[in-house]
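Working notes, structure below.
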Protein chains: 2
Amino acid sequence: MEKKEFKARVFGELAGLAKALAHPFRLQIIDLLAQSSRTVEEIATQLSLSMANASQHLQVLKAVNLVHVLKEGHYAHYHLADDKVVAVWQSLRELGMERLAEIERTLNDFRSQKHVFQAVTIDELLLKMEQDNVVILDVRPEKEYRAGHIPRALSIPIDQLLERIVGLPSGREVVVYCRGPFCVYADEAVDLLQNQGFAASRLEEGFPDWKSRQLPFHALSD
Amino acid sequence: MEKKEFKARVFGELAGLAKALAHPFRLQIIDLLAQSSRTVEEIATQLSLSMANASQHLQVLKAVNLVHVLKEGHYAHYHLADDKVVAVWQSLRELGMERLAEIERTLNDFRSQKHVFQAVTIDELLLKMEQDNVVILDVRPEKEYRAGHIPRALSIPIDQLLERIVGLPSGREVVVYCRGPFCVYADEAVDLLQNQGFAASRLEEGFPDWKSRQLPFHALSD
DNA sequence: AATTTATTCAATAGATTCATTGATTAATTG
DNA sequence: CAATTAATCAATGAATCTATTGAATAAATT
C-alpha cells in the first residue's frame, strides 16, 4: 500500500465517523444515550421522530460503531458503544460554544427568558459540596438518575417538581442539574424554585460531564 | 422561543460544525494546519488538490469559524481558529482508532511494511527524557519545526535524512516524531534509521499532541 | 497600463442524504 | 394460530454535497 492510499483510507474512515455525527437528530440521540440506554420507541418519542426515521438514524450510528444494540424480547435497547463517544460529543460542544456566536446567543436568550441568570460550574459545585451547605437536585427522569447520579443528589424529575417542592429543605442553597448545558430541565427547575423563594441555580454541565471527569458517582441497580 | 425551537437551533449549529469536519480532505487540512499555517497553494499541493477545490474546502471550514484567514500580499494564510479545533480532531481520532477496526488494520499493515514494529507513547518518551539517554528527532518540514517542537529535538526533515544521517550521535536510542499517528514521515525515518543500525522507534503521537497536553515546547521566531 | 500570480466565484452534473410512506420481519400475547 | 407490537426494510423524490471547469478579482510585478 502506498502513502496516498493509506491516507485516503484512514482519513476516509474518520470522515465517515464525523459524517455520522453530522445531523442534529443524531447528536440529540447521542446526548440522550449518554444518560442511559433507550429503545427505538423511546428515542422516537422523546425527539418527536417517526419510528422509521429514528431507526434509520440509529442505524447510521450503528454502522460506524458508535452505538450497539441489545435485543431483549421485542425491544432493541441502544447503548453508546464507548465513553469516547461522549468525549467527542463534549469536545464538539465546547468548540461550538466557543466558536459559534449563534449558540451562545440562543443559550442566553433562552435562559434569560427562564430567569436563569447564572450557572454554576462543576468546579464551583465541588467547592460548595466541601462546605456541605448545598442541596443537589437531579431533575432528569428517574431512570437516568438510577443509571448514575452525583453523590447525595436528590431525584425529583422535572414534571414532579411542583408537587414535591415542599419536601425540599428550605433555607439552603439549591443547585439543579440535568443532562447537560443544552438540557432545559434545569432551567425550568431554577425558574420554578426561585419563584418559590429558593436560592437556586443550575449546574452549567450535566451528569455525563461529571462522570467523564472521573468524579465519583452513584448508580442504582436495575 | 420554545423548547423545541431552542433545541433545533443549538443542535443544528453543532451538527453544522460536525458536517464541516465530515470530509477526508477537510480533516487532512486540519491535521496540516495543526502544525503551522499554510497558504491555499501549499494545501492544494500537499494534498494533491486543485486550487479551486482546496479553496472551497477551506471556505467550508471558514464558514463555521474553524479556521481564519490572514491576507498578506497575494497570499491567503489559513490558520486554525482555536486550540479546541485540535482537541476535537484528537478526540475524533482516538475514537476512530478504538472503534474502527479498519483503521487499526490499515495502520498496522502500513507500519509492518515499513518495519516499524513498535511506537513509543508520549508518556514513555517523557521517562526516557528524564534519564537523558535519548535523541529526539523531528522529521517534519523545517517550517513546522520552527512553528513549535519538542524541547531539545533535532530537526532533520525526512527528505534530508539520508544525507544527514551520519551527523547523528551514534550509540544512543533515537525517537522520531512527526505530525501525528497518521503521518508516515516518522515511519519512513525509522525504517531508514534501523537500516543504518540505529536503535530507532517512532513516537505514536505527533507534535500537536505534545502541545495540547500542555507540555513545554520551543518555537523559533519568523 | 499590461501581465502575472494566488485566490475566489459561478455553474454544472453526478452522487449522497434525508424524511416519508407502506410493506415486512420477528417476538410476544390472546 | 391469529393478532399485536417494536423495529427494520425498501422505494421514492426533494434537497444537499462534491469535483471540475472556466471566468473573475485583486494584489504585485514588468
Side-chain angles (χ1 to χ4, degrees), chain A residues 4 7-8 11-30 32-33 36-79 143, chain B residues 4 7-8 11-30 32-33 36-79 143:
Chain A
K4 209 159 179 176
K7 287 212 169 178
F11 285 87
E13 293 285 330
L14 290 172
L17 258 194
K19 199 177 285 187
L21 298 174
H23 191 288
F25 292 150
R26 291 199 290 269
L27 286 181
Q28 287 187 68
I29 288 174
I30 288 170
L32 287 181
L33 293 184
S36 68
S37 69
R38 279 169 164 78
T39 65
V40 181
E41 193 181 27
E42 286 170 329
I43 289 171
T45 309
Q46 287 164 33
L47 302 183
S48 313
L49 303 180
S50 70
M51 289 273 293
N53 199 8
S55 174
Q56 286 185 132
H57 282 298
L58 282 164
Q59 271 160 77
V60 172
L61 294 174
K62 193 175 63 164
V64 292
N65 266 299
L66 291 179
V67 302
H68 57 79
V69 201
L70 212 75
K71 303 216 172 185
E72 252 183 48
H74 37 212
Y75 290 89
H77 295 268
Y78 278 85
H79 303 256
K143 181 186 177 190
Chain B
K4 209 160 180 177
K7 288 213 168 178
F11 285 86
E13 293 285 330
L14 290 172
L17 258 193
K19 199 177 285 187
L21 298 174
H23 191 289
F25 292 150
R26 292 199 290 270
L27 287 181
Q28 288 188 67
I29 290 174
I30 287 171
L32 285 180
L33 293 184
S36 68
S37 69
R38 276 167 165 80
T39 65
V40 181
E41 194 182 25
E42 287 171 326
I43 288 171
T45 309
Q46 287 165 34
L47 301 184
S48 313
L49 303 180
S50 70
M51 290 274 294
N53 198 8
S55 175
Q56 287 186 117
H57 281 298
L58 282 164
Q59 275 164 71
V60 172
L61 294 173
K62 194 175 64 163
V64 292
N65 266 300
L66 291 179
V67 303
H68 56 78
V69 200
L70 211 74
K71 303 216 173 186
E72 251 182 50
H74 37 214
Y75 290 89
H77 296 267
Y78 278 85
H79 303 255
K143 183 186 175 190

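Worth knowing before you read on, the calculation uses all heavy atoms, side chains too, and leaves out hydrogens, waters and symmetry mates. Letters go in sequence order (proteins before strands), and every chain restarts at 1.
Judged by distance alone, the side chain of B:Arg26 and the main-chain N or O of B:Val60 form no donor-acceptor pair under 3.5 Å. Of the possible donor and acceptor atoms, one in the side chain of B:Lys143 sits under 3.5 Å from a partner among the backbone N and O of B:Ser37.
Listed pair A:Ser55 / D:dT8 meets the phosphate criterion, a side-chain N or O lying under 4.0 Å from OP1 or OP2. At least one side-chain nitrogen or oxygen of A:Arg26 sits closer than 4.0 Å to the OP1 or OP2 atom of C:dC18.
The stretch residues 46-54 of chain A touches DNA chain C through A:Ala52, A:Asn53, each having a heavy atom within less than 4.0 Å of the strand. Taken residue by residue, residues 64-79 of chain A places heavy atoms nearer than 4.0 Å to DNA chain C at A:Gly73, A:His74. At a non-hydrogen distance threshold of 4.0 Å, A:Lys19, A:His23 from residues 11-24 of chain A come into contact with DNA chain C.
Atoms CD (B:Glu41) and P (C:dT8) sit 12 Å apart, rounded to a whole Å. What separates CG of A:Leu61 from P of D:dT8 is a distance of 12 Å, to the nearest Å. Rounding to whole angstrom units, CD1 of residue B:Ile43 and P of C:dA6 are separated by 15 Å.
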### Message
Before you tell me yes or no, could you show the steps for B:Gln59 and B:Gln56 under side chain to side chain contact (heavy atoms under 4.5 Å, CB included), namely the whole-Å CA-CA distance, both residues' side-chain angles and the distance that decides it to 0.1 Å?
### Response
CA-CA 5 Å; B:Gln59 275 164 71; B:Gln56 287 186 117; 5.6 Å; no
### Task
For A:Thr45 and A:Glu41, run side-chain hydrogen bond (donor to acceptor under 3.5 Å, both in side chains): C-alpha distance rounded to whole Å, both residues' side-chain angles, the deciding distance at 0.1 Å, then the answer.
CA-CA 6 Å; A:Thr45 309; A:Glu41 193 181 27; 5.4 Å; no
### Query
Would A:Leu47 and A:Leu32 count as a side chain to side chain contact (heavy atoms under 4.5 Å, CB included) if you check the C-alpha gap in whole Å, the side-chain angles of each, and the deciding distance to 0.1 Å?
CA-CA 10 Å; A:Leu47 302 183; A:Leu32 287 181; 3.8 Å; yes
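Scanning both residues, B:Val40 and B:Tyr78, for their nearest heavy atoms gives CG2-CE1, 3.5 Å. The two residues A:Val67 and A:Leu58 have their closest heavy-atom pair at CG2-O, 4.0 Å. Scanning all heavy atoms of the two residues, the minimum distance from B:Ala15 to A:Leu27 falls at N-CD1, 3.5 Å.
Taking NZ from A:Lys71 and OG1 from A:Thr39, the interatomic distance works out to 12.5 Å, rounded to the nearest 0.5 Å. Within the model, atoms NE2 of B:His77 and CG of B:Leu33 stand 12.5 Å from one another, a figure rounded to the nearest 0.5 Å. In this structure, OG in B:Ser36 is found 7.5 Å from CD in B:Glu42, a value given to the nearest 0.5 Å.
When heavy atoms are screened at a 4.0 angstrom cut-off, A:Gln59 is found touching the sugar-phosphate backbone but no base atom.
With hydrogens and angles left out, the side chain of A:Gln56 and the base of C:dT17 share no donor-acceptor pair within 3.5 Å.
Closest contact between the side chain of A:His57 and the listed nucleotides D:dA19, C:dA19, C:dC18 involves C:dA19.
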